[in-house]
Amino acid sequence: MASFPHAELARRYCVSDAKFRLSKVNPGDTAGLKSKDKAVDASGAAVTALCELQELLYAQNEWSVLLLFQAMDAAGKDGTIKHVLSGVNPQGCRVATFKAPSPAELSHDFLWRASNVLPHRGEIGVFNRSYYEEVLVVRVHPEFLEKQGLPKPLLPKNIWAERFQSINDFERHLTRSGTVVLKFFLHVSPEEQRKRLLDRLDEKEKNWKFEKGDLKERKLWGQYMTAYEQMVQNTATEFAPWYVVPADHKWFTRLVVSSVVIERMRALGLRVPVLSATEEKEVVAARAALKART
Ligand code: ATP
Ligand code: MG
């Protein structure tokens with residue numbers, strides 16, 4: 001298997017307990033690496049390694065892997081997903097994006113739409129945004145909660161604590177059922193976001209990406225950061241830790257995410273299925289038949 005030398009990056013940004021402080025993560029951090037380093041050249045090796053792991057995942061057909069991405073606008077979710085999964089067979093992948101919920105989605109509990117699009121066994125699933133929006137955008141905009149049609153007695157002050165609990169229970173259930181849950185918060189600085197949004201306005205080919213709403217949400221930066229910090233503190237667990245990834249340098253974000261995915265998939269000890277004695281006999285018979293041109 002192609003080598004990929006960044007196991008320490010996977011550990012460096014992993015959060016699995018409640019003591020997390022967002023102020024400790026510098027969005028501009030690159031762990032001392034430079035974009036011209038050999039380390040970054042290794043991203044080709046990362047693509048090959050992930051491609052091989054995904055083939056084994058598919059062949060073994062037992063585990064599934066869920067890559068979940070949360071971030072402020074223009075933090076690089078789309079580019080990271082595209083880059084990290086660039087060598088992977090699309091047939092073994094399932095990507096779901098989470099926008100404002102439809103009326104049908106609003107008429108169910110908040111985890112319903114996510115459980116409908118989870119990866120099958122043997123697949124890598126990607127959530128571009130997720131049920132975590134329910135403790136982020138919905139928390140920053142309480143009017144969205146009103147639209148959810150919950151019975152009034154079920155709207156206590158501790159609804160966010162209850163949602164954290166529901167999410168932890170859900171992820172506990174998923175991990176017990178053979179889904180590896182890898183959660184990435186791509187942490188961009190407001191200054192870098194400003195530059196990227198400006199780019200979308202300055203370059204004609206990028207104009208389509210610009211959305212007025214992004215400026216409105218940008219004004220609520222402080223409230224979003226509080227919501228993100230509390231989300232990580234309350235849902236970073238041993239079984240489903242958060243990876244809080246510095247996102248001011250796109251090359252570095254991709255390197256860290258690839259490292260995590262490869263490390264965690266390698267740890268599964270994936271193997272090609274071993275045939276039973278009967279199945280082996282069938283292989284021998286099939287080979288003989290084909291050689292005899294029957
Ligand atoms: P891009 O980087 O291309 O802008 P995006 O993920 O921001 O991608 P958009 O279509 O711009 O995609 O935004 C989706 C919007 O849907 C986000 O603003 C998000 O907060 C919102 N959203 C997602 N889930 C919910 C939810 N449960 N309730 C309300 N809004 C939600
Ligand atoms: Mg957007």
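Remember, it's 1-based here, ligands and their atoms both numbered in the order they're listed. This structure is a prediction, so every number in the text was calculated from the model and none was measured.
At a 4.0 Å heavy-atom cut-off, ligand 1 touches Arg113 through the side chain alone. With a 4.0 Å heavy-atom cut-off, ligand 1 is reached by the backbone of Phe98 but not by any atom from C-beta on. Contacts with ligand 1 closer than 4.0 Å are made by side-chain heavy atoms of Lys77 only, the backbone lying farther away. Proximity of Val138 to ligand 1, defined as any heavy-atom pair under 4.0 Å, is confined to the side chain (atoms from C-beta onward).
In this structure, the protein non-hydrogen atom closest to atom 20 (O) of ligand 1 is Glu133 OE1, 2.8 Å. Shortest contact from atom 6 (O) of ligand 1 to any protein heavy atom: Arg129 NE, 2.6 Å. From the protein, the heavy atom lying nearest to atom 28 (N) of ligand 1 is Pro101 CD, 3.3 Å. For atom 4 (O) of ligand 1, the closest non-hydrogen atom of the protein is Asp73 OD1, 3.7 Å. With hydrogens left out, the protein atom closest to atom 9 (P) of ligand 1 is Lys99 NZ, 3.7 Å, a heavy atom. For atom 27 (N) of ligand 1, the closest non-hydrogen atom on the protein side is Glu134 OE2, 2.9 Å. Given atom 30 (N) of ligand 1, the protein heavy atom at minimum distance is Val137 CG1, 3.5 Å. Among protein heavy atoms, atom 3 (O) of ligand 1 sits closest to Asp78 OD2, 3.8 Å.
Considering only heavy atoms from C-beta on, Ser130 stays 4.5 Å or farther from Phe69 through its side chain. In this structure, the side chains of His173 and Asp169 stay at 4.5 Å or more apart for every pair of heavy atoms. Within the 4.5 Å cutoff, the side chain of Val117 has no heavy atoms near those of the Arg94 side chain.
To the nearest 0.5 angstrom, Leu182 atom CG is 11.5 Å from Glu263 atom CD.
Aromatic ring orientation, Phe127 versus Tyr131: perpendicular (interplanar angle above 60°, classes split at 30° and 60°). Using the six-membered ring where Trp is involved, Phe185 and Tyr228 have ring planes that are parallel, under 30° apart on the 30 and 60° scheme.
Residue Glu211 places at least one N or O, backbone or side chain, under 3.5 Å from an N or O of ligand 1. Looking at Ala100 next to ligand 1, an N or O pair under 3.5 Å apart turns up. Not a single N or O atom of Asp214, backbone or side chain, sits closer than 3.5 Å to an N or O atom of ligand 1.
Closest N/O/S atom of Asp73 to the Mg ion (ligand 2): OD1.
The environment of Glu203 atom CD is dense: over 12 non-hydrogen atoms of other residues, nucleotides or ligands sit within 6.0 angstrom. Counting heavy-atom neighbours within 6.0 Å of Glu238 CD, excluding the residue itself, gives a total of 12 or less.
Just one residue in the list Arg264, Arg11, Lys183 forms a side chain to side chain donor-acceptor pair (under 3.5 Å) with Tyr243, and that residue is Arg264. Put simply, the residue from Arg200, Arg129, Arg196 that forms a salt bridge (Lys or Arg N to Asp or Glu O under 4.0 Å) with Asp73 is Arg129.
Checking atom 1 (P) of ligand 1 against the protein gives no heavy-atom contact under 4.0 Å.
Note on ligand 1: Met72 sits outside its first shell, no heavy atom being nearer than 4.0 Å.
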After noting the C-alpha distance and the side-chain angles of Arg113 and Glu105, does the key distance pass the salt bridge (charged side-chain N to carboxylate O under 4.0 Å, His left out) rule? CA-CA 6 Å; Arg113 66 170 172 164; Glu105 289 167 344; 3.3 Å; yes

